Amino acid sequence: MSRYEPAQIEAKWQKAWDEAGVFKAVRDPARPKYYVLEMFPYPSGRIHMGHVRNYTMGDVVARTKKAQGYSVLHPMGWDAFGMPAENAAMERGGHPRDWTYGNIADMKMQMKPLGLSIDWSRELATCDPEYYGQQQAMFLDMYAAGLVYRKAAVVNWDPVDMTVLANEQVIDGRGWRSNALVERRELTQWFFRISDYSAELLAALDGLTEWPEKVRLMQANWIGQSRGLQFAFQTVGAPAGFDRLEVYTTRPDTLMGASFAAISPDHPLAKALETDPEVAAFIALCRKGGTSAEEIETAEKIGFDTGVRVRHPLDPAWELPVWIANFILMDYGTGAIFGCPAHDARDFEFATKYDLPIRPVFVAEGGTDAALTEPFVPMKSERVTYVRGFAGATVQTADEAIAAAIAHAEAHGYGRGVTNYRLRDWGISRQRYWGCPIPVVHCATCGVVPEKKENLPIELPYDVKFDVPGNPLDRHPTWRNCTCPACGAPARRETDTMDTFVDSSWYFARFTNPRASTPTVAEDAAYWMNVDQYIGGIEHAILHLLYSRFFARAMHKTGHLPAKAIEPFNALFTQGMVTHEIYKTTDANGRPVYHLPEEVIRTEAGARLKDGTAVEIIPSAKMSKSKKNVVDPMNIIAAFGADTARWFVMSDSPPERDVEWTAAGVEATFRHLSRVWALSARIAEMPRDFKGQGDDDLVRATHRAIHEVTQGIEGFAFNKAIAKLHEFTNTIHRAAASTPVMALAIRMLAKLMSPMTPHLAEEIWALHGGEGLCVNAAWPKADPAMLEDDSVTLPIQINGKRRGEITVPKAMAAAEVEKLALANEDVIKFLAGQTVRKLIVVPGRIVNVVV
RNA sequence: GCCCGCGUGGUGAAAUGGUAGACACAGGGGACUUAAAAUCCCCAGGCUGGCAACAGCCGUGCCGGUUCGAGCCCGGCCGCGGGCACCA
């Protein structure tokens with residue numbers, strides 16, 4: 001008997017699939033289509049176990065759907081723009097384009113041996129001018145449709161390198177290279193009007209029934225719809241033009257507990273007061289640090305009393321101070337609030353720090369109006385007693401009180417109910433080279449002018465250098481020079497490039513016809529859209545998936561997608577991450593340095609580098625390029641074959657959960673596949689006319705396996721499908737049935753395994769006389785009659801504890817079951833004569849005796 | 001700080017509110033072998049008692065609740081992870 005040698009059989013069958021063109025996606029109106037897509041990778045140059053897990057999941061779905069008769073689209077591409085290419089150019093020299101395309105070639109070479117059922121003829125990279133030129137065309141259409149505009153927005157500014165930093169490049173408030181303290185600085189930037197779609201993007205979440213509930217919840221919270229009151233304070237002592245201060249509050253019921261008003265450092269009133277050097281100094285202090293919400297919200301809360309006062313809307317004699325506070329965001333509401341310290345943790349902290357009054361508005365139902373030592377913030381659905389209410393009942397919930405307060409304000413004309421959203425417009429400007437150029441020009445006479453479509457693509461120049469920080473497009477000697485599309489005068493090209501999230505917001509649509517000379521082609525988009533199953537990491541739950549939902553709407557509005565595709569992903573599955581230890585040392589300046597697993601030598605005493613340096617181990621963290629805790633699957637494929645790697649990543653852990661990569665178990669997978677191989681060979685050698693025993697049992701087991709494995713795959717429970725395949729393998733192994741029954745069982749085992757281990761499946765399929773290629777064979781259907789058992793074993797509980805069991809015909813009436821249960825020896829023993837108070841019989845499930 | 005998850009044997013895990021630990025890994029015992037590897041067979045949550053078959057009790061991060069019955073539902077904690085708009 002020959003050995004299981006994956007290196008031979010895998011290459012053989014991959015060639016056979018290629019020659020038969022089995023994975024080519026064909027628009028076939030006669031068949032239902034199925035579009036399965038995994039989130040495309042960033043071309044880092046090396047695939048890791050996370051990729052293998054992600055693509056194998058998609059491949060299992062694609063191969064199963066193909067066998068079930070669908071016309072399948074399963075493409076692959078590269079999310080190829082982004083910072084790492086520029087960083088590589090800065091660190092090692094070379095060019096981002098060469099680095100990126102080199103990485104793509106390397107990664108493709110590593111992916112091919114996995115035997116994925118991908119239509120490689122549709123491959124694309126977002127850095128191909130063929131791709132980003134179409135993206136520029138859509139930008140122009142969106143500009144014409146009023147979905148694009150410019151405004152000032154803050155960026156992280158490194159004052160030493162004189163460059164904009166990504167949040168990732170700001171470490172503890174300092175630039176990662178210069179170590180300079182980062183500041184927030186305003187620049188004019190390009191934006192997409194995603195906030196116009198806030199209400200629609202929120203409402204449409206309800207229709208995404210095949211998305212994980214947690215993702216829908218995260219998106220809903222991100223969009224952040226709130227109902228509140230907007231009103232204006234009359235100001236006292238404010239500069240000219242600021243006699244009113246508009247504020248927005250979600251808690252108008254706490255108006256009588258107001259003790260101050262606060263404005264953002266970016267508020268127009270704050271800017272107007274900046275003539276005062278003290279105010280200017282305070283605002284400068286607020287601008288220190290990065291732009292990330294995490295940094296802003298965890299920063300110490302500081303404030304400055306402007307001296308301006310406002311009149312309380314319900315009592316003009318009551319004046320409140322106006323403070324500038326660093327935690328008020330200009331982007332949300334009106335950039336101004338009133339603070340009610342008694343019922344808000346942040347306001348409480350602020351009031352305590354600056355000695356502002358803290359007056360309760362409501363107390364616990366039946367409680368007393370006493371001084372607070374901590375903020376009182378019950379659920380809004382809880383009934384409380386309003387001691388300083390002004391609208392609605394004395395005892396009511398906050399929800400009721402808020403509605404009453406809005407009604408009161410509208411009736412008395414001092415404010416109005418407003419629905420607000422937290423979602424901000426999407427800033428797409430990046431002051432970087434390696435991205436899609438924004439196709440507009442700046443003309444001295446015409447201003448900002450969109451490029452003409454016939455001039456697209458606006459290609460990135462190749463002759464750039466990364467020897468100094470900043471955007472090479474900005475200092476390129478000639479690239480910026482162009483003529484104004486409107487007046488023909490000399491003009492300047494926009495040097496900002498697009499956020500890479502734009503690239504990934506429509507690649508799924510481009511895959512429906514990746515070579516077209518328009519962004520999409522109507523017939524292809526109509527046939528292939530939507531993506532039936534999208535698979536990717538939970539880390540994309542908010543930004544990528546929300547931007548894509550917006551972009552699909554924008555594409556529909558500009559005529560690039562049909563109406564049915566405005567929600568582009570019918571079903572979403574978020575796989576868990578592959579985690580791994582991180583290996584860290586520290587450089588001479590005390591900065592962390594990370595090391596690849598293969599650079600680290602692990603012993604029982606600890607971990608060291610080859611030169612003996614001790615390595616700190618940080619357990620179980622997300623695999624990331626920057627932390628270098630990635631595992632190279634190529635070694636596993638070389639040693640054990642792709643089928644082993646594929647089977648291993650699908651077994652054991654449920655696909656939605658994180659899995660900690662460990663080398664242990666891969667060998668066990670290989671041994672299991674070898675056993676299947678040997679079992680297949682043994683059956684092939686059985687005499688054709690061998691009459692065995694238990695034919696009927698094995699046939700039934702085969703049908704049960706078909707049923708259970710299919711359920712496992714269709715329910716995204718690949719680990720359970722594999723457990724059932726283990727059981728079925730053991731059953732065949734132990735069986736001594738007649739040759740044709742054994743051969744059928746092993747052939748069905750091969751077909752059921754084929755989504756996970758397609759090469760081994762082909763080999764077994766061919767050996768046992770399967771017709772054609774296994775990959776083209778129809779998915780088997782279980783005969784329901786073969787799945788029925790005529791008897792069932794019921795556990796008997798006494799007071800919820802299992803005390804015995806009975807086996808009864810499946811259809812037995814509950815009354816009969818009761819009698820049998822009470823006559824059971826164990827039951828009689830445990831009851832010991834006690835009276836039965838209640839008897840619960842759940843047919844086919846359980847009997848519970850209550851005494 | 002805010003939003004969202006997750007937590008079950010030595011390990012990965014399974015379990016429409018109904019027999020907790022299927023299926024595997026690591027481990028132990030045995031067969032085969034001069035020996036080892038490979039292969040095959042068997043055992044296996046913890047504690048207590050028993051030579052044993054077995055019996056009893058405990059057990060799903062912690063505390064409380066709902067229920068005839070809770071790993072699963074509800075409330076409150078603890079720990080770990082993801083996201084927080086310029087990482088992709």
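Excluded from the calculations below are hydrogen atoms, water molecules and symmetry mates; all remaining heavy atoms, backbone and side chain alike, are included. Here is how names work: the chains are called A, B, and so on, in the same order as the sequence lines, proteins then strands, and each is numbered from 1. Keep in mind the model is a prediction, meaning the values are calculated, not measured.
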Taking the [atom1] atom in each of [N] and [M], what is the distance between them to the nearest angstrom?
N      : M      : atom1 : result
A44(B) : C23(B) : C1'   : 15 Å
U67(B) : C77(B) : P     : 24 Å
U8(B)  : A22(B) : C1'   : 14 Å
G59(B) : G69(B) : P     : 16 Å
G9(B)  : G65(B) : C1'   : 28 Å
A53(B) : U39(B) : C1'   : 32 Å
U11(B) : G64(B) : C1'   : 32 Å
C4(B)  : G12(B) : C1'   : 25 Å

What does C40(B) pair with, Watson-Crick or G-U, if both distances are under 3.5 Å? G30(B)
When we call it a touch if two heavy atoms are under 4.0 Å apart, what does [X] touch: a base, just sugar-phosphate, or nothing?
X       : value
V155(A) : base
E727(A) : sugar-phosphate
Q169(A) : nothing
H544(A) : nothing
I840(A) : base
L423(A) : base
V164(A) : base
P41(A)  : nothing

Any side-chain N or O of [X] under 4.0 Å from OP1/OP2 of [N]?
X       : N      : result
K838(A) : C68(B) : yes
K801(A) : A20(B) : no
T500(A) : A88(B) : yes
K720(A) : A15(B) : yes
R671(A) : A26(B) : yes
N167(A) : C84(B) : no
N730(A) : A24(B) : yes
R657(A) : A14(B) : yes
N221(A) : C4(B)  : yes
S292(A) : C84(B) : no
H726(A) : G12(B) : no

How long is the line joining [atom1] of [X] and [atom2] of [N], in whole Å?
X       : N      : atom1 : atom2 : answer
R845(A) : U16(B) : CZ    : C1'   : 7 Å
M650(A) : G12(B) : CE    : C1'   : 15 Å
D503(A) : C87(B) : CG    : C1'   : 14 Å
N156(A) : A85(B) : CG    : P     : 9 Å
R802(A) : G17(B) : CZ    : P     : 21 Å
Q219(A) : C4(B)  : CD    : C1'   : 12 Å
Y332(A) : C3(B)  : OH    : P     : 13 Å
L165(A) : C87(B) : CG    : P     : 11 Å

Of the options [options], whose atoms approach the side-chain atoms of [X] most closely?
X       : options                : value
R803(A) : A22(B), C57(B), G12(B) : C57(B)
P654(A) : G5(B), G18(B), A13(B)  : A13(B)
E168(A) : A85(B), C4(B), C87(B)  : C87(B)
R675(A) : C23(B), A85(B), U39(B) : U39(B)
Q797(A) : A85(B), G18(B), A24(B) : G18(B)
H733(A) : C23(B), C41(B), U19(B) : C41(B)
D652(A) : A88(B), A24(B), C40(B) : A24(B)
M218(A) : C4(B), G18(B), G81(B)  : C4(B)
V850(A) : A88(B), G12(B), C68(B) : C68(B)

Answer yes if the ring centres of [X] and [Y] are under 6.0 angstrom apart, and no otherwise.
X       : Y       : result
F670(A) : Y4(A)   : yes
W506(A) : Y131(A) : yes
F718(A) : F716(A) : yes
W78(A)  : F40(A)  : no

Which way is the base of G7(B) turned, syn or anti, if we draw the line at 90° from 0? anti
Does a donor on one side chain and an acceptor on the other come within less than 3.5 Å for T291(A) and N156(A)? yes
Given that W222(A) and H540(A) both sit by RNA chain B, which one's nearest nucleotide is further toward the 5' end? W222(A)
With nearest nucleotides of RNA chain B determined for L794(A) and G800(A) from heavy-atom distances, which residue corresponds to the more 5′ nucleotide? L794(A)
Among F501(A), W426(A), Y197(A), exactly one meets ring-ring contact (aromatic ring centres under 6.0 Å, His included) together with F192(A). Which residue is that? W426(A)
On the 0 to 90° scale, with breaks at 30° and 60°, tag the Y132(A)-F81(A) ring pair as parallel, tilted or perpendicular. tilted
When you measure from the centre of the six-membered ring of W211(A), is the NZ or CZ of R216(A) closer than 6.0 Å and no more than 45° off the axis? no
State whether W677(A) and R3(A) meet the cation-pi test: NZ (Lys) or CZ (Arg) under 6.0 Å from the six-membered ring centroid, and within 45° of the perpendicular axis. no
Before accepting this row, confirm whether a basic side-chain N of the pair E186(A)/R287(A) lies closer than 4.0 Å to the acidic partner's carboxylate O. no
